[in-house]
Amino acid sequence: MFEQQMVSSVINRDYDLFSTDIQEQEEQLYSAIGNSRILVIGGAGSIGSSTVKQIALYKPKALHIVDQNENCLAELVRNLRSGFLNFDCKDFRTYPLDFGSPIMERFILESDDYDYILNFAALKHVRSEKDQYSLLQLIDTNIVKMARFLQWLSRKEGRPRYFCVSTDKAANPVNLMGASKRIMERLIFSNEIVKDFQITVTSARFANVAFSNGSLLDSFLKRIRNLQPIASPENTRRFFISMQESGQICLLAAFCAPDNHLLIPRMEPEKDLIQLEDVAKHVLQYHGYEPKIYRSEVEAKQNIQSDLLKKQYPLILTPLNTSGEKPYEEFCGDEERAIDIGMKSVLGIKHQPETQGSMQQFLDEIMKMIYDPKYSLSKEVIIHIFSSILPQLRHIETGRNLDERM
């Protein structure tokens, strides 16, 4: 309830985007989920756990959650057990596994077939491309492990419906995180890596999830709790949805969307794009403070005690000059077309086969980077390899990264 009130207050929206479609698809959701075996990978993170809570409402036959973060898994279990009046899933299990590991391969091959698999495992922060080593980990998680996982699935008799979460940053990508998810989309929608493996595949791109773990808004709450200044980039507009809405759009995409489509919210730039600095001001006002604008981190930290005495709070505004950052958010690329799929709150983008580059050659080159110590590794080399398969990439390199900022 607190999270919903906070979202309504800071983004000036007091209604749920997807609730009407969830209600209208209720019969299909019960039919799809009610007697199914479901595997959720990365299911203990913010978006994954929100989707798990949505799935649990429809009482699946089996619900298995995989996530490397065992603390978050424990919290998810406690939340489900204590938050539902009647948590009714006969076969509910959690596994603290790395979804690209040999142990996960054994788990998949030795488990009974699943009807639905939802994959939320990802490195999702632009800051993770700050150096070649962090960038390789991002590529390994978002692309290489995904390919490996599909190959394992192809060795099973079952043909599950498969959903992978994407990101708005995959549309007209200007950073390598977004580019990695755009390549991930190509990987899961095409049969370039796993030949003749015909399964239903869907995805979703959506907005910033307000107050999700690691988000800028989440950092505002932590900074306020610790009486530290908060910071926001100037002239930067983003779409926002709540944690519950993130689970709802993933539910619609995973169980109701047509094959080979990804879903995007029906949000209008003129109405729904919000300045991040305005969001920061609304968060402070929600907590009873009047924002006091600073341009200097040092001055903001020096003055916080005197500002607090006047019920003011330091808000540092910074230029948008770190690598890979867009001034505004978008869901649909220039070469893509969003179409009506019979729902009120979402549109669909049908995957169009890419013609540039070979996915197998791309993966082979990436594997050399990861495993060959003699490979000459640099961020520039990685950008070149990405561009060979993703002509839409317009990487913005400024030499600055978010670890250099508050």
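Residue numbers run from 1 in the order of the sequence given.
The pair Lys281-Glu290 does not count as a salt bridge, with every side-chain nitrogen at least 4.0 angstrom from each carboxylate oxygen. Between Glu336 and Lys350 no salt bridge is recorded (no basic side-chain N to carboxylate O distance below 4.0 Å). Salt bridge absent: Glu325 and Lys169 never bring a charged side-chain N and a carboxylate O closer than 4.0 Å. In this structure, Glu299 does not pair ionically with Arg295, as no charged nitrogen and carboxylate oxygen lie closer than 4.0 Å. Under 4.0 Å is where a charged nitrogen must lie from a carboxylate oxygen, and between Asp115 and Arg159 no such pair does. Of the charged side-chain nitrogens involved, none lies within less than 4.0 Å of a carboxylate oxygen, so that Asp168 and Arg238 do not count as a salt-bridged pair.
A side-chain N or O of His395 and one of Glu129 form a donor-acceptor pair less than 3.5 Å apart. Side-chain contact, Gln275 with Asn235: no donor N or O sits under 3.5 Å from an acceptor N or O. Side-chain atoms of Asn321 and Thr398 include no donor-acceptor pair closer than 3.5 Å.
For Ser203 (side chain) and Cys164 (main-chain N/O), a donor-acceptor pair under 3.5 Å exists by modelled atom type. Under a 3.5 Å cut-off, the side chain of Lys181 and the backbone N or O of Val165 do form a donor-acceptor pair. For Asn175 (side chain) and Gly178 (main-chain N/O), a donor-acceptor pair under 3.5 Å exists by modelled atom type. No donor-acceptor pair under 3.5 Å is formed between the side chain of Thr202 and the backbone N or O of Phe163. Asp21 contributes a side-chain N or O that, together with a main-chain N or O of Ser345, makes up a donor-acceptor pair within less than 3.5 Å. The backbone N or O of Asp131 sits nowhere less than 3.5 Å from a side-chain atom of Ser134 that would complete a donor-acceptor pair. No donor-acceptor distance shorter than 3.5 angstrom exists from the side chain of Glu192 to the backbone of Ser358, with no hydrogens or angles considered.
Atoms CD1 and CD1, on Ile385 and Ile183 in that order, are 10.5 Å from each other to the nearest 0.5 Å.
The side-chain tip of Lys368 does not point at the ring of Tyr375 from less than 6.0 angstrom away and within 45° of straight on.
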> Step by step, would you call Gln244 with Ser242 a side-chain hydrogen bond (donor to acceptor under 3.5 Å, both in side chains)?
Replying inline: CA-CA 5 Å; Gln244 176 175 290; Ser242 70; 5.7 Å; no

>> ring-ring contact (aromatic ring centres under 6.0 Å, His included), that's the test. Do His64 and Tyr114 meet it? Break it down for me.
In response: CA-CA 10 Å; His64 297 169; Tyr114 290 99; 5.6 Å; yes

> Phe255 and Tyr116: ring-ring contact (aromatic ring centres under 6.0 Å, His included), yes or no, with the steps?
Replying inline: CA-CA 8 Å; Phe255 297 97; Tyr116 296 89; 4.7 Å; yes

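The residue from Lys145, Lys156, Arg148, Arg155 that alone fulfils the salt bridge (charged side-chain N to carboxylate O under 4.0 Å, His left out) condition with Glu105 is Arg155.
Of all non-hydrogen atoms in Cys250 and Ile47, the two that sit nearest each other are SG-CG2, 3.9 Å.
In this structure, Phe239 has its ring center at least 6.0 angstrom away from the ring center of Phe206.
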